[in-house]
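Before any comments, here is the structure.
This structure is a prediction, so every number in the text was calculated from the model and none was measured. Each chain gets a letter, A, B and so on, in the order the sequences are listed, and its residues count up from 1.
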Amino acid sequence: MEPPLVVMPQEKEQDMSKDLEILRHSTSHLMAQAVKELFSEVKVAIGPAIETGFYYDFDYEPGFTEEDLLKIEERMKEIARKDLPIERRILKKKEAREIFLTLGEQFKVELLDEIKDEEVSTYTQGAFTDLCRGPHLPSTGPIKAFKLLSLAGAYWKGDEKNKMLTRIYGTAFQDEDALNKHLQFLEEVKKRDHRRLGKELDLFSVSDEVGAGLVIYHPNGALLRYLLEDFERKEHLKRGYQFVVGPHILKVDMWKRSGHYDNYRENMYFTKIDDVDYGIKPMNCVSHIMVYKSKIRSYRDLPLRYFELGTVCRHEKSGVLHGLMRVREFTQDDAHIFLRQDQLHQEIVSIITFVQDVMKIFNFEYEMEISTRPEKFIGTVEDWDKAEKVLKDVLDAQGLPYDINEGDGAFYGPKIDVKLKDAIGRKWQCATIQCDFALPERFDLNYVDSDSKRKRPVMLHRVILGAIERFLGVLIEHYSGKFPVWLSPVQVIIMNITDEQEGYVRSIYDLMIHEGIRAELDTRNEKLGMKIRESVVKKVPYMIIAGKKEMENNSISVRLRDGSELKDIDVKTFVNRIREENISRR
RNA sequence: GCCCGCGUAGCUCAGUGGUAGAGCACCUCCUUGGUAAGGAGGUGGUCACCGGUUCAAUCCCGGUCGUGGGCUCCA
């Protein structure tokens, strides 16, 4: 059995106590001091405390190695043992500028030049002085439980046009115990990595021969995906959505009209057929718009909800690709809803309810965020303001808390993003609801209102799970590969103990398959212990074991994923149990 | 795309300037065993790809592709 996962309350930003933040910030300074002592030519940039520890960015041409980290860690311990006082000093910006200029710390000088205040503070420990707002520990002594974790590149001030610096990540805690717990937590995170489980459970692969960011689903992965999609189709039909299907390639003229060509071209793939340019769809909205446009619409028809499990292709930068979480071809549970302005509020409420229902089924917590007008946008500022107001009004009316993410909307409209939180507290953006006045204008969409005048509908773009690929990746990690019964690609493995029961287990298998249960048969010439072990490794929820006893009683024994057993029970009883779990999605 | 690391059998990984090894998996045989690995034998690799240095490259150098940790960007 796997050890239980330790969830660290300190992982969550809002929970990170001020004390811990100060400790980590001071540890980052301690690291910078050690680095400066060991590598005198290094220039320091910035080094804050973060959710899970701290980092410091350095400018060091040869770059650090993994061995350097050990050396730095040793030096840090030495300095900490000396219990050097950490002294705060307030000085005029001009003075501070002189100091850092003399030290040759051009990054600090650059930071100073951006500070508006007349006075700044510096912190000094030993020969190391840093420009810093603080606060810090009074001395280096209390810094005991820390570890340097990794090396990374990071742009100066987070801008890709700037110089690439070397970042060292580390973590620090109040005591060894808490540090060890955190390190153990990191090990657990690695164990539930969807890329690792994807391989272990034989769900999917990504092949360098096929191409980066392109997922190949193996039978059980494809089945898992099918189950998720089946769930989605049913849920959408229940909620008044209609299925539509659009093509993968559309003429470039369509993308020019939609604004994608001007605003999203870097992310698109293009091809040419008989001298006509086509774009491979990065979004599904254009086809859905064409369905709307295919005939005259009455105000009575609205809202029209078009749903498609739409596969899109986007040129993501090579460095961002990551298992199922970030890929170049993925399928969205995408819908476009065409409606009157007076229906907007209610429709958004319905979508949020939809999201909440789904989150509950998978046991996710979530947070909401509103993203507003970006620099690159289509449509008018008035429409944007109107749309942003509707989104805020809905969340306010529902009493749902949210953050504002300024300038992060899609180019055609503002959005509500839902960030779900998985079993170990990590946040993932999946659902998004985008309010769009611009595309109806661009495509000249209209409906005939009760006064027989033509009016412009509004469009909502929305996804619930987001991208199937990403959601699957999140699910794999959320459940640590132990999917609930209704989502398990294989629900039952049926195994005999000796050849004598082969016919018997086969009849149980036939019955299960007939009942729509996803069963597998293991009649290999192997010991029971071996069959159980393999089934446990595959994280299958149920094993049916039938030996001489069961065959004589016309019964089965069931071993559950947690190791507990149901001895000598009736097959029908068990079939009903799984049926029930399928229906109630447990 | 950028910085750093990595790429050896299906998987997890050793290893060496003189063309390779383990465990698991797979195949064959023995074993019919009651809740996490029964035993024996065997198959399997252009050491990611392309080029360079060298008498000789899986190993050293360069490039490409892929991948990992990050940065930037995002469903």
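- A sub-4.0 Å separation between OP1 or OP2 of B:A36 and a side-chain N or O of A:Arg559 is present.
- A straight line from CD of A:Glu66 to C1' of B:G68 spans 11 Å, rounded to a whole angstrom.
- Under the Watson-Crick or G-U wobble criterion, with both distances below 3.5 Å, B:G34 is left unpaired in every strand shown.
- Remark: B:G66 base-pairs with B:C6; criterion is Watson-Crick or G-U wobble with both hydrogen-bond distances under 3.5 Å.
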How does each nucleotide of nucleotides 69-75 of chain B score, in 5' to 3' order, for protein heavy atoms under 4.0 Å: base (B), sugar-phosphate only (S), or none (-)? BBBBBBB

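- If you take CG of A:Leu214 and C1' of B:G66, they are 12 Å apart, rounded to a whole angstrom.
- When the C1' atom is compared between B:G18 and B:C47, the two are found 15 Å apart, to the nearest whole Å.
- Going from the C1' atom of B:G23 to that of B:A57 covers 28 Å, rounded to whole Å.
- When rounded to the nearest whole Å, the span between CZ of A:Arg524 and P of B:G38 equals 10 Å.
- In this structure, A:Tyr56 has its ring center under 6.0 Å from that of A:Phe58.
- Nucleotide B:U12 holds its P atom 15 Å from the NZ atom of A:Lys190, rounded to whole Å.
- Comparing B:A20 with B:C74, their C1' atoms sit 44 Å apart, to the nearest whole Å.
- Applying the Watson-Crick and G-U wobble criteria (two distances, each under 3.5 Å), B:A75 pairs with nothing in any strand.
- If you take atom C1' in B:U28 and the same atom in B:U35, they sit 28 Å apart, rounded to whole Å.
- For B:A9 and B:G15, the C1' atoms lie 15 Å apart once the distance is rounded to whole Å.
- Checking the phosphate oxygens (OP1, OP2) of B:G1, a side-chain nitrogen or oxygen of A:Ser318 falls inside 4.0 Å.
- Remark: B:A40 base-pairs with B:U28. Criterion, Watson-Crick or G-U wobble with two distances under 3.5 Å.
- Atom CD of A:Glu67 is separated from atom C1' of B:G5 by 11 Å (rounded to the nearest Å).
- Using a 4.0 Å heavy-atom criterion, one finds that A:Lys531 contacts no nucleic acid atom at all.
- A distance of 6.0 Å or more separates the ring centres of A:Tyr241 and A:Tyr306.
- Across all strands shown, B:U58 forms no Watson-Crick or G-U wobble pair with both distances under 3.5 Å.
- Salt bridge status for A:Lys190 with A:Glu187: present, with a side-chain N to carboxylate O gap under 4.0 Å.
- Of the candidate nucleotides B:G33, B:A37, B:U35, B:G33 has the atom nearest to the side chain of A:Thr498.
- Side-chain contact annotation: A:Tyr542 with A:Arg561, donor-acceptor N/O pair under 3.5 Å absent.
- A ring-centre distance under 6.0 Å is found for A:Phe354 and A:His236.
- To the nearest angstrom, C1' of B:G1 lies 13 Å from CD of A:Glu266.
- Relative to the side chain of A:Glu526, the nucleotides B:U35, B:U67, B:G38 differ in distance, and B:G38 lies closest.
- The aromatic ring centres of A:His336 and A:Phe307 sit 6.0 Å or more apart.
- On the P atoms, B:G10 is 12 Å away from B:G44, given to the nearest whole Å.
- Taking atom CD of A:Glu209 as the reference point, atom P of B:G10 lies 11 Å away to the nearest angstrom.
- Across B:U19 and B:U46, the matching C1' atoms stand 10 Å from one another, rounded to whole Å.
- Ring geometry for A:Tyr479 versus A:Phe362: interplanar angle of 30 to 60°, hence tilted.
- The base-pairing partner of B:C47, taking Watson-Crick or G-U wobble contacts with both distances under 3.5 Å, does not exist among the strands shown.
- Judged by distance alone, the side chains of A:Asn220 and A:Asp202 never bring a donor and an acceptor atom under 3.5 Å apart.
- As rounded to the nearest Å, B:A56 and B:A14 have C1' atoms that lie 24 Å from one another.
- With B:G38, B:U12, B:A36 as the candidates, the nucleotide lying closest to the side chain of A:Ile532 is B:A36.
- With both pairing distances under 3.5 Å, B:G21 is matched to B:C13 as a Watson-Crick or G-U wobble pair.
- For the residue pair A:Asn553/A:Asp568, the side-chain donor-acceptor check at 3.5 Å is satisfied.
- One interatomic measurement links the two molecules: NZ of A:Lys199 to P of B:A25, which rounds to 18 Å at whole-angstrom precision.
- Two residues, A:Lys567 and A:Glu61, neighbour RNA chain B, and the one matched to the more 5' nucleotide by heavy-atom proximity is A:Glu61.
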